[in-house]
Amino acid sequence: MTIQQTSRFKRYILPYILLLTILFCLFFYSLTLGAVKSSFSQITSCFSQEQSATICHIIAVTRLPRTITAVMAGSSFALAGAILYYITRNQLACPSLLGINQGAILGILLCLIIMPFISLPGIIAAAIIGGIISGIIVYSIVSLIGVSNLKLVLVGQAINIFLYALGQVLIVLFPDKTGGMLVTLNGSLAGTSWQKIQIIAPFIIVITLTSILLAKKIYLLSLGKEIALSIGINANQLLIIIFFLIVGLCSLAVTMVGQLLFFPLITVHLSKPLLRGRNPYHFCIITCLVGAILMLASDCLMRYIYTTQEIPLGIFMAIIGAPILILSSRLKRVQS
Amino acid sequence: MTISPWTKLTTLSALLLIIAVASLMIGYTFYSLPIVINCLLQKTHEFAINDVRLPRLIMAILCGTMFAFSGSLLQGIFRNRLASSETLGINAASILFVLLGITLWGGGGNFSILIYSVIGALCGFSITLLSSISRRNISHLRLIIVGVAISAFFRAASQFMLIAEDQKLAAYLAFVNGTLYTTTWHSIQIILYPALFLIGLSFCFTKQLDILLLSEDIASNIGFKVIKWKLIIIILALLLTAVAVAGVGSLGFIGLISPNISRLIFGYSHKYNLLGSALIGSILTILSDTIGRIILVPFEIPTGLIGIVIGVPYFLYIMRGMKQEA
């Protein structure tokens, strides 16, 4: 009995405690970082009492939303990656490598060109529409060409590059209207604000909860359509829902932080060793946590190294993500 | 009825000539044919033609040819229709090393750029090759995936350099996306001799390339030193890429599609295949450049981006034809 309990503890509870502690520490560490350094005690005093010091103002207006955005965007990218990984059973499947993110960006750019003064909900809608359209295009091209694990990545990457080129063309042609997007295009947390969080957060929370609730069905579907059907799951309907969940998560995250190539791939990779067993609920939640931690940690790192300069996070991600993609393309299971 | 390869080559050359002259005529200001001819004969001097469009045209032909050649050679070596300097990460690596070299040792506008670029090409290629070998075997699709990943890696690193060292490298922003915008007579001077030498050298290897298309056993049975020739041809392909990158940056998929189209037209014999791929590469580069110049005057779209937009559909088309990995 005790053995079972310890193994259960090791399996489920320990990773949660570990991850939550790291996330908590990083959260506060992220608040101290910036052009103006501040200590932990200053931050706690800001939280505990009504303080009007400059540092409290900085924290409340820029650092706190930035940190919260990092957590939200990181976890939603990660969740999208986890769902896609489950469905395709493909180590290499990653929404950012399949052109969905890039499609969302293209949607935003087009929207900004047509209606430069559109409010934030309009931009979100444009991102989601862009993501959906590119998702449908990828899906149809992949099914036209034939799905093998390695091919999926190549097709996705080709479409990614294509959409990237279109986006760059738009930026060249309309520099005055798309200039505002330039910062977030390469993946950066610089463009965050409370207003963005207020609008996007409810959507993300709803989609995240739905996905986690659906995790069991998604897992069953990943065993095969026939199995899912025999248990009484409407596979096609579920697939459509999953598609919208993934696209929604990616597009919303893209609206907040822009394109982060390889990010979901990295998180899925990092979170697999943390969990033995195949419990889909745990997998989803742990991937979310790992995503949030990864995003916060890399943002902190970038801010620690370059205090006065804004280095896009996406660049950092590509540098650590490319080796991971190569490693996972060498895994035996992928080739079969 | 079969058309002889020479007829096809002549047709392509005529097409190249027409497009080349058209690209001299069309632009922000339109020049009629007689003016262009007069300028070419040095009778009159129009700045827009003699000093802007003509160098671009020459650069496009040189670099288009070189990218197409390196693509042909690499596809011959790997017997992989998706191989090219772009998809193997060579272009991106060259660009990064050029940026690095300029930041560390300076010398943006002279021959040292060639050296940086060659070192980059060697590095990029060896990393791609080493990380895709498993059990002394290179699978076709994995090679390309690794190449694409390496490409993303080096491209991110170059962007990082651009942002971190913006005062030194601001002039090279366009270089990363591949453009002919910065071409001057001076930049042609830098690459002209190595380019002509390498292009001429490539024609000496048509026979070896044909033999390499056979399986390795047959090739070594007839007394052909496979490894030696592969190595020589790979180095040649890398040098071609490096010089082309030093000239214009990365031109995206030109190096991937030209050999493929050429193979459709001329079949597998490299004697005609190489010539064809050179012509097609030049035509495509001039076309991309001209489209980029005229599509929305006065803005200019980097040639490399147009190259990507043209190239990706074809890339997908090739993928469709590829059989499931053996």
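Throughout, a chain's letter reflects where its sequence line sits, starting with A, and its residues are numbered from 1.
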field: Closest heavy-atom pair and its distance - A:I319, B:A156
entry: CG1-CB, 4.1 Å
Residue pair B:F253 / A:I161: nearest heavy atoms and the distance that separates them: CE1-CG2, 4.3 Å
Given [X], which of [options] fulfils the side chain to side chain contact (heavy atoms under 4.5 Å, CB included) condition?
X      : options                : value
A:V169 : B:I308, B:I301, B:I306 : B:I301
A:L154 : B:I145, B:L316, B:T87  : B:I145
B:V146 : A:L325, A:I326, A:L327 : A:I326

Can you tell me which portion of [X] sits under 4.5 Å from chain B's heavy atoms? Options are side chain, backbone, both or neither.
X      : result
A:L163 : neither
A:V155 : both
A:Y164 : side chain

Rounded distance (nearest 0.5 Å) linking atom CD1 of A:I159 with atom CZ of B:F315: 10.5 Å
field: Residue part contacting chain A, namely of B:I310, when any heavy atom lies under 4.5 Å
entry: neither
- prompt: By number, which residues in residues 148-155 of chain B have some heavy atom less than 4.5 Å away from chain A?
  reply: B:V148, B:A149, B:I150, B:A152, B:F153
statement: With chain B, the option among A:I320, A:L144, A:L97 that has the most non-hydrogen atom pairs under 4.5 Å is A:L144
